[in-house]
Amino acid sequence: MTEHERDLLLLAAYGELDEVDEKRFEALLANPNARAEYESLVQLSQNSAAAPEPPECQFTTEHLRIAILSNAVKPSRKDAWVLQPAVAVLGGGQEKPRGGWVWTLFPALGALACLAVIAAVLSTPVPTVDDSRAAAPAGTRIARLEPTTPPAQPAFELAPAPTPIVKPQARRKQTRAPSAPRFTPSTRPRTSAPPPPALTMVAKAASESLVLAAAEPGPIHEATALSMAADVSAMPERELVVVSERNSLVTGAQVAMEVSHPGDVVIGG
Amino acid sequence: MWSSVVSLALAAALAQAMAVQAPPSVVVLESLGRPVGIAGLVDSGGLLLAHRSAVPQGQLLARTLAGEQRAVVQVAASDEVTQLVVLRLNQPLPGLGAPIKLAKRAPTLGSKVIAWTPTGPQQGEYVRGGLPGLMKPSMRYAPLSELRFETSLDRVGGALLFDGEGHLFGVLSATLDAVDTVVAQRTFAAGGFAGGGFAGGSQGMANQQYGPLGLTVAYALEPSVLRRVVAGFAGPAGVVEHPSLGVFFTEDVQNGAVLLERVLPGSPAARAGLEAGDEVVSVDGIRLSSAIDFAVALFGAEIGSTMTLQIARRGEPRTVALVVASHLDFPELTKQQRRGPE
């Protein structure tokens with residue numbers, strides 16, 4: 001089968017054939033391989049249409065970036081390091097000066113510099129993460145940033161107002177004419193099929209990767225990573241193993257497939 | 001090359017270690033002089049249990065693992081749902097021991113198991129049990145166990161599975177189609193490169209190329225299914241019966257409701273007035289959350305017992321009582337309905 005013929009089958013599976021290609025498509029279906037390919041493409045298109053929507057936090061990378069950054073810059077004011085200059089002063093005072101009393105000034109100057117930095121930091125308004133976001137529904141964990149004191153000039157451009165999330169479906173509706181639907185359901189008998197294994201695979205891999213990311217120290221806040229993993233793993237997934245009639249050429253056993261959405265199959269009993 | 005040598009050495013050592021404990025009631029099935037499958041004596045009357053994938057057409061000979069003598073065997077009965085068959089010896093086979101003991105329960109998770117294949121024993125791991133399975137062509141539910149073998153297995157279909165106590169707990173029925181995708185998934189999740197990508201259709205593809213050891217994911221019927229099948233084959237009728245109501249059902253993708261798609265004429269469901277499109281809400285007072293729940297309830301029902309269903313027909317609730325029948329009463333259950341993913 002040529003690439004052109006394959007493209008023809010793809011167009012037919014998604015209902016985008018024109019009248020010229022329609023006849024060529026009918027002739028192509030006489031080939032059993034082409035028919036099998038077409039049926040698999042129809043299944044793929046149907047499964048793609050029936051695929052669950054991803055959580056809103058995964059619509060755009062921009063929202064993910066904002067969520068990650070808002071947690072990454074979460075201030076951590078630990079009072080313990082304030083005492084470090086004092087410790088340095090004490091340490092410098094107890095050490096025996098080798099080069100004269102001038103050298104003892106360096107620890108003291110360092111301590112004064114640290115205190116100046118502390119004062120500057122404490123006086124700078126820093127963004128904090130609003131705890132109310134914890135009550136937001138899953139998939140909308142976008143941090144709302146507010147300064148502790150209303151500054152005349154924001155410290156840095158990190159906290160834009162949350163932009164309204166636009167779902168891809170809504171965008172398609174804006175750009176496509178409703179009178180010309182992209183997908184025309186096939187009149188062929190519907191043969192149920194599992195979603196492509198790659199979808200399940202990617203979801204699992206993403207979930208595992210995010211959990212791994214949460215376990216590793218890094219700029220990503222652990223809670224963010226865990227919540228993202230929870231969003232991914234919260235997608236409904238109940239496995240059903242479908243044991244086919246045909247045997248594997250490698251193992252000789254029946255071929256099994258794991259179906260993530262048992263709703264696509266018919267069960268007898 | 002060295003990995004192959006080491007694998008062969010390990011297999012030989014395992015076979016030697018297991019030779020002492022080799023079940024004397026396991027026979028190797030041969031066709032045209034080549035080992036094609038394996039079967040186990042499950043009844044004192046001389047019935048050998050095997051999987052259909054290990055029983056090719058033509059004359060079959062059986063020999064014990066340690067013996068050299070052979071005896072002709074032929075298929076006595078088969079179960080369309082589980083694809084298990086029983087063979088009967090046409091003549092006595094010297095060296096054949098007592099019937100194999102069936103395990104009363106599944107092995108513990110993570111325990112090591114032995115799969116007896118025509119080429120020898122293979123050590124695997126019992127990963128999980130109670131996995132819902134849909135057996136083709138009958139389209140019926142059966143609980144499955146998942147096993148993993150950290151190697152590439154050749155001709156492992158129909159292998160007999162023994163637990164640590166030497167009890168038969170399953171027959172290896174199926175292997176995961178995309179063996180390579182499992183390895184690829186692991187690699188991808190670990191941040192690595194998956195080699196061949198997510199290529200589907202691994203028929204004839206050597207899975208060693210995705211990792212140093214390879215991986216075979218296999219599924220076996222649960223001990224509960226095995227006991228039912230053996231009891232049926234060894235019973236007076238010599239057939240295996242599965243409980244049935246004569247319905248085909250599916251699950252509403254939107255709300256998870258269990259919907260009857262087809263009701264076979266003359267079936268208990270038809271006699272009770274059930275129709276296609278009815279929603280099954282609960283079984284014996286237990287609310288259903290998925291089609292699998294309904295399948296599990298049907299699988300565990302006793303033939304001849306009464307099952308009470310609460311259904312909703314166009315929103316109107318109804319309660320019906322049905323007498324569970326045998327699936328053998330409805331040949332359509334195993335022959336006509338073959339929808340589903342291939």
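Numbers restart at 1 for each chain; the letters A, B, ... are given by sequence-line order, proteins then strands. Quantities reported herein were computed from a predicted structural model and do not represent experimental measurements.
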Derivation and outcome, side chain to side chain contact (heavy atoms under 4.5 Å, CB included), residues E146(B) and E258(A): CA-CA 11 Å; E146(B) 181 180 330; E258(A) 291 188 353; 4.0 Å; yes

Walk me through whether L131(B) and L240(A) qualify under side chain to side chain contact (heavy atoms under 4.5 Å, CB included). CA-CA 7 Å; L131(B) 204 59; L240(A) 177 72; over 6 Å; no

Apply side chain to side chain contact (heavy atoms under 4.5 Å, CB included) to the pair Q254(A) and H51(B), showing each step before the final yes or no. CA-CA 10 Å; Q254(A) 290 177 275; H51(B) 192 266; 3.2 Å; yes

Can R140(B) and I267(A) be said to form a side chain to side chain contact (heavy atoms under 4.5 Å, CB included), step by step? CA-CA 6 Å; R140(B) 289 183 63 96; I267(A) 305 175; 6.0 Å; no

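Taking all atoms of both residues into account, the shortest heavy-atom contact from F249(B) to G268(A) is CE2-C, 4.3 Å. When all heavy atoms of S53(B) and G252(A) are compared, the closest pair comes out as CB-O, 3.4 Å. What you find for A253(A) and A174(B) is that their closest heavy atoms are CB-CA, 3.8 Å.
Using a 4.5 Å heavy-atom cutoff, the side chains of V266(A) and E261(B) are in contact. Looking at V259(A) and L134(B), their side chains never come closer than 4.5 Å, going by heavy atoms from C-beta outward.
Checking side-chain atoms of T251(A) against main-chain N and O of T175(B) turns up no donor-acceptor pair under 3.5 Å.
The greatest number of non-hydrogen atom pairs below 4.5 Å with chain A, out of H242(B), Q83(B), R52(B), is found for Q83(B).
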